[in-house]
Student: 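Got a structure for you, written out below as structure tokens; questions coming shortly.
To find a chain, count down the sequence lines: A is the first, B the second, and so on, and within it residues start at 1.
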Amino acid sequence: MTGWLALLARELRLALRHPADTLAAVLFFVLVAALFPFGIGPAPEALARLAPGALLAAALLAALLPLDRLLGADAEDGSLDQLLLSGLGPAAIAAAKALAHWITTGLPLLAATPVAAAMLNLPVEAWGTAMAALGLAAAFLSLLGTAGAALTLGARRGGVLLPLIVLPLAIPSVIFGAAAIEAAAAGGTARPYLLLLAALVAAATPLAPLAAGAALRGE
Amino acid sequence: MDDASTRTLPAGGGAAPPRRSAGRGLHRFANPGRFLRLSGRILPWLTGAALAVLAVGLPWALVFSPADWQQGETVRLLYIHVPMAWLAMGGYLGLAIGSAIALVWRHPLADLACRELSPVGAAVTALCLATGSLWGKPMWGTWWVWDARLTSVLVLFFLWLGHAALVRAFDDAERGARMGAILALIGVVNLPVVKFSVDWWNTLHQPASVTRINAPAMHVDILYPLLACALGFTLAFAALVLARTRAAVMERRIRALQVAAARRADA
């Protein structure tokens with residue numbers, strides 16, 4: 001467990017030393033959210049109607065960005081091999097990577113959510129739900145994405161393959177996340193959708209690191 | 001876990017049977033020479049049976065079966081659409097089973113079969129989506145709706161494509177096969193969603209009407225040609241995959257022979 005925590009701390013320290021990477025993902029998220037008003041026009045009702053789905057799509061795309069380097073950087077300089085020899089199980093390594101990705105990419109997106117929500121004219125009452133839904137959806141994508149990153153590690157054009165593999169599987173989180181935000185914006189109850197989203201995360205928490213670990217072991 | 005010697009396919013035509021230590025029964029067919037001989041004998045019969053069944057089933061379904069009293073002639077899309085949907089799901093189940101065999105027993109032919117299965121599976125799923133779309137326009141008034149069944153089949157299509165692309169994306173074919181196998185097993189979570197989407201959600205797509213426990217909700221005039229088409233397409237699917245796997249085994253053998261010849265010329 002101490003080794004696992006040390007690995008997590010290492011990932012976080014690395015992210016702290018390169019804050020530009022995290023910042024780039026957050027900026028990307030805000031920019032994608034800002035593209036929608038240009039595309040569909042600035043009419044507030046139309047924007048509010050689209051806001052839930054646009055927020056989810058923007059967040060998932062932004063969270064996809066750093067996945068390419070999540071394992072790739074470690075594989076190139078050899079530290080991944082060191083990690084695999086360290087006695088930590090491959091699944092535990094993958095779990096630490098996924099958690100680190102969520103903390104360094106998913107959580108900063110939450111800080112930018114009010115900005116993006118305001119640009120998309122989402123009612124203020126739904127902002128809290130939007131942050132909860134985005135946080136859970138980002139956690140689901142971190143888990144799936146770690147498995148995807150492990151699978152495409154060393155592939156030609158791995159960066160192109162990764163979204164092709166991960167995004168179809170992430171569709172449920174978009175459906176439930178957008179439904180939760182929409183329910184909150186309409187004054188309804190978002191709880192069932194958030195619970196379904198949490199169930200997705202709960203199911204992926206043991207399974208995705210196992211798959212990623214199996215892929216890493218083939219390294 | 002067996003060593004690399006059983007994993008690589010020998011170039012010489014498989015005089016030596018594989019080691020009998022691990023996964024005995026399955027490894028009988030890991031010998032490429034034996035596989036080629038056996039599949040060479042089966043393939044003509046399989047192809048012939050597929051063509052014969054389709055030669056009866058397709059005219060029966062597309063010309064001689066009665067038109068539906070509500071849907072008219074468009075109901076004939078059923079005879080293509082439904083077998084393709086069954087094959088898309090059944091084929092994926094086969095891919096998952098083959099992947100599990102490849103991962104657990106490190107079975108080299110299972111690797112090759114999975115690699116050759118996914119493009120055929122993707123084509124079948126694309127045909128299922130295309131015929132469904134053509135059928136949806138006159139019946140539902142739209143080419144596409146984001147209904148649970150359609151969405152989950154679309155995800156299935158992406159899974160097929162993702163598998164086909166991932167397996168071929170590595171310079172090391174063995175690693176590609178392993179990654180593809182893991183991806184295929186991850187994708188299995190989608191299969192129950194495809195199957196039960198029409199029961200879990202109230203969708204525009206109709207619920208299952210053939211595979212019911214009591215009796216199919218379909219008249220025999222439509223059911224029998226449908227079953228004939230399904231059998232014919234399934235046989236054709238199997239023949240295609242078998243032929244592709246044979247071609248892949250032979251391709252590997254040619255490459256091994258070329259490498260050996262190049263080494264000889266070099267020495």
Student: With a 4.5 angstrom heavy-atom cut-off, could you sort out which part of A/A203 is near chain B: side chain, backbone, both or neither?
Tutor: neither
Student: For B/L159, is it the side chain, the backbone, both, or neither that has a heavy atom closer than 4.5 Å to a heavy atom of chain A?
Tutor: side chain
Student: Find the one option among B/G162, B/A181, B/A169 whose heavy-atom pairs under 4.5 Å with chain A are most numerous.
Tutor: B/A169
Student: If you count heavy-atom pairs under 4.5 Å with chain B, which of A/A211, A/A155, A/G148 comes out on top?
Tutor: A/A155
Student: So which atom in B/A165 and which in A/L161 form the shortest heavy-atom distance, rounded to 0.1 Å?
Tutor: CB-CD2, 3.5 Å
Student: Tell me, yes or no, whether the heavy-atom count around A/R49 atom CZ, taken from other residues, nucleotides or ligands under 6.0 Å, exceeds 12.
Tutor: no
Student: Counting neighbours of CZ on A/R191 that are heavy atoms of other residues, nucleotides or ligands and sit closer than 6.0 Å, is the number greater than 12?
Tutor: no
Student: Do side-chain atoms of B/R175 reach the backbone of A/G154 as a donor and acceptor pair under 3.5 angstrom?
Tutor: no
Student: Is there a side chain to side chain contact (heavy atoms under 4.5 Å, CB included) between A/R156 and B/D171? Walk through the geometry before answering.
Tutor: CA-CA 8 Å; A/R156 296 187 304 268; B/D171 293 325; 2.5 Å; yes
Student: Partners of B/F233 by ring pair (Phe, Tyr, Trp, His ring centres under 6.0 Å), sequence neighbours excluded?
Tutor: none
Student: For atom CH2 of A/W102, decide whether the heavy atoms of other residues, nucleotides or ligands shown that lie under 6.0 angstrom number more than 12.
Tutor: no
Student: For A/E76, check side chain to side chain donor-acceptor pair (under 3.5 Å) against everything at least two apart and list the hits.
Tutor: A/R69
Student: Listing request: all salt bridge (charged side-chain N to carboxylate O under 4.0 Å, His left out) pairs with a residue in residues 151-166 of chain B, at least two apart in sequence or in separate chains.
Tutor: none
Student: Calculate, to the nearest 0.5 Å, the distance between atoms CD1 and CG belonging to B/I186 and A/L144 respectively.
Tutor: 8.0 Å
Student: Residue by residue, which of residues 163-170 of chain A have a heavy atom closer than 4.5 Å to a heavy atom belonging to chain B?
Tutor: A/L164, A/I165, A/P168, A/L169
Student: Considering residues, nucleotides and ligands other than A/Y193, do more than 12 of their heavy atoms fall under 6.0 Å from its OH?
Tutor: no
